[in-house]
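What follows is a short report on a single structure.
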Amino acid sequence: MKTTLALALLLLPGPGNTSPKTRPVASLDNSVVITEADLSDWQASQACYGQGAMTSREAAFMRLLEAAIAERAMRSAGKPRVASSDLAKEAGRIDRETRAPDILDCIKRHFGKRVKRYHQVFVKTAFVESRMREFIMRDPKVQEPLRRKVASAAEDAARGSGMAETAERYGLSYASSTYQPGDGPARAPDLRHDRGMPPHGRERSVDPEFVRPHLAGLSPGELKKGLIESDYAFQIVRLLERREDGSILFETISSQKISQEEWLKTLPKMRLVVPEEGLRRWVSGIKGNPRLAAATLD
């Protein structure tokens, strides 16, 4: 009887006797963010995508860790914790909009009645990524310094400063563009990769959907009031000329918005602990990952 009781006590979870499923795989600032159960559930859900799916332990670890770092970063900036109601709503959206119902059914079969686990492991990773993108693109505190910079350039241009010279002075991008009606819609200016482009007056193809709201009603030499804001950039535009053939010449000053990587670098470093030696060694060899750059590996 004493032997049986002693054995039972040894099998109880404790600091040195953690259940394999709940064993910590990674923690951030002393809070466990990934367990063995998280890894196995994520791997099983990804296996539903079939041949070629990323189902390795390392892939599972990185996907979950990136989401954990993003969530923690947003919370440090005042965003609320992801709530169970958020995940339930997102799960409903996935049900309505999925283009692969067979894969989704496979994933749900793995979790079975463990709906909370399905939400936490599968739904939450995608939800956090979506929230992070929206946060970086739209949060006033994140983008305000750059918005003020482009607004100051607009004020200088409105006072008569040349657009190219103003762009160079502020370290922004300058380009002139010609819109030719009747050529058919070309691709709109793609500002996602223009940050830091030296001012050199590069010609761009322009979509009519850019011309109509931003250049209609302007007179030659007139600067559009206010900033043009897209998901990726801030921009100011000045009409230069309306030609007899119907084409329009204009110039822009622009800057790509502050990126996720740039914003994460402004935050205090998170303390990342990975107890497993092999996984820790693998993580320490990764270079250039913006999420990992936000953490210090102990």
Side-chain angles (χ1 to χ4, degrees), residues 25-34 61-83 86 90 124-156 166-174 189-199 226-236 252-274 280 282-298:
V25 175
S27 66
L28 288 172
D29 296 335
N30 298 317
S31 295
V32 175
V33 293
I34 305 175
F61 173 86
M62 187 54 63
R63 186 71 179 86
L64 293 167
L65 180 61
E66 286 178 338
I69 290 173
E71 183 183 11
R72 199 169 192 86
M74 286 187 286
R75 282 173 54 198
S76 74
K79 291 288 286 184
R81 184 188 297 269
V82 176
D86 295 326
E90 178 67 5
K124 186 176 181 178
T125 51
F127 178 76
V128 168
E129 290 301 323
S130 176
R131 176 179 274 196
M132 182 71 162
R133 284 193 298 272
E134 179 69 18
F135 173 73
I136 293 296
M137 289 187 296
R138 295 295 181 184
D139 187 84
K141 292 181 181 178
V142 172
Q143 299 297 339
E144 188 57 31
L146 182 58
R147 183 184 284 107
R148 287 199 304 267
K149 183 178 183 180
V150 180
S152 294
E155 291 172 1
D156 284 5
T166 300
E168 185 171 18
R169 186 164 60 252
Y170 281 88
L172 303 173
S173 299
Y174 169 83
D190 184 352
L191 301 177
R192 286 176 289 182
H193 307 293
D194 278 356
R195 188 101 180 265
M197 181 185 74
L227 302 186
I228 300 169
E229 180 176 357
S230 68
D231 285 344
Y232 298 103
F234 294 109
Q235 197 172 15
I236 56 179
T252 58
I253 293 174
S254 62
S255 180
Q256 185 183 3
K257 285 185 172 180
I258 293 171
S259 69
Q260 174 189 146
E261 182 174 6
E262 290 172 306
W263 177 69
L264 286 171
K265 286 179 179 179
T266 68
L267 304 180
K269 290 272 190 178
M270 303 175 201
R271 178 173 173 262
L272 171 63
V273 175
V274 182
R280 184 171 64 251
W282 175 77
V283 172
S284 66
I286 296 175
K287 307 298 180 185
N289 184 303
R291 299 283 173 85
L292 288 180
T296 299
L297 180 63
D298 276 2

Checklist entry - Would Glu262 and Lys265 count as a salt bridge (charged side-chain N to carboxylate O under 4.0 Å, His left out) if you check the C-alpha gap in whole Å, the side-chain angles of each, and the deciding distance to 0.1 Å? => result CA-CA 5 Å; Glu262 290 172 306; Lys265 286 179 179 179; over 6 Å; no
[X] versus [Y]: any side-chain heavy-atom pair under 4.5 Å?
X	Y	answer
Leu64	Val33	no
Met132	Arg291	yes
Ile228	Ile236	no
Asp29	Arg271	yes
Arg72	Ser31	yes
Gln143	Glu229	no
Arg280	Leu297	yes

Can you name the closest pair of heavy atoms from [X] and [Y] and give their distance?
X	Y	result
Trp263	Val142	NE1-CG2, 3.6 Å
Ile136	Ser259	CG2-C, 4.1 Å
Ala73	Leu267	CB-CD1, 3.7 Å
Ala67	Val128	O-CG1, 3.4 Å

Checklist entry - With sequence neighbours excluded, what pairs up with Asp139 under the side chain to side chain donor-acceptor pair (under 3.5 Å) test? => result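 Partners of Asp139 by the side chain to side chain donor-acceptor pair (under 3.5 Å) criterion come out as none, since no residue qualifies.
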Item to check | side-chain contact (heavy atoms from CB on, under 4.5 Å) against Asp231, all qualifying residues, sequence neighbours excluded | outcome: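 Asp231 satisfies side-chain contact (heavy atoms from CB on, under 4.5 Å) with Met137, Arg138 only.
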Checklist entry - Do Phe234 and Arg147 pass the side chain to side chain contact (heavy atoms under 4.5 Å, CB included) test, and can you show the C-alpha distance, the side-chain angles, and the key distance before you say yes or no? => result CA-CA 7 Å; Phe234 294 109; Arg147 183 184 284 107; 3.7 Å; yes
Which distance, rounded to the nearest 0.5 Å, do you find between the [atom1] of [X] and the [atom2] of [Y]?
X	Y	atom1	atom2	answer
Lys269	Leu264	NZ	CG	9.5 Å
Leu172	Leu146	CG	CG	7.5 Å
Leu65	Ser27	CG	OG	10.0 Å
Thr125	Arg63	OG1	CZ	4.5 Å
Glu144	Ile258	CD	CD1	9.5 Å

Next on the checklist: Donor-acceptor check, side chain of Lys257 to backbone of Ser230, threshold 3.5 angstrom: yes or no?
Outcome noted: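 The answer is yes, because a donor-acceptor pair under 3.5 Å joins these two groups.
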Checklist entry - Quick one: does Asp86's side chain have a donor or acceptor within less than 3.5 Å of a partner on Ala83's backbone? => result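 The answer is yes, because a donor-acceptor pair under 3.5 Å joins these two groups.
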Next on the checklist: Using the rule given for side chain to side chain contact (heavy atoms under 4.5 Å, CB included), can you reason through Ile253 versus Tyr170, listing the C-alpha separation, both sets of side-chain angles and the distance that settles it, and then say yes or no?
Outcome noted: CA-CA 10 Å; Ile253 293 174; Tyr170 281 88; over 6 Å; no
Checklist entry - Are the charged groups of Glu134 and Arg131 less than 4.0 angstrom apart, N to O? => result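 No, Glu134 and Arg131 are not salt-bridged.
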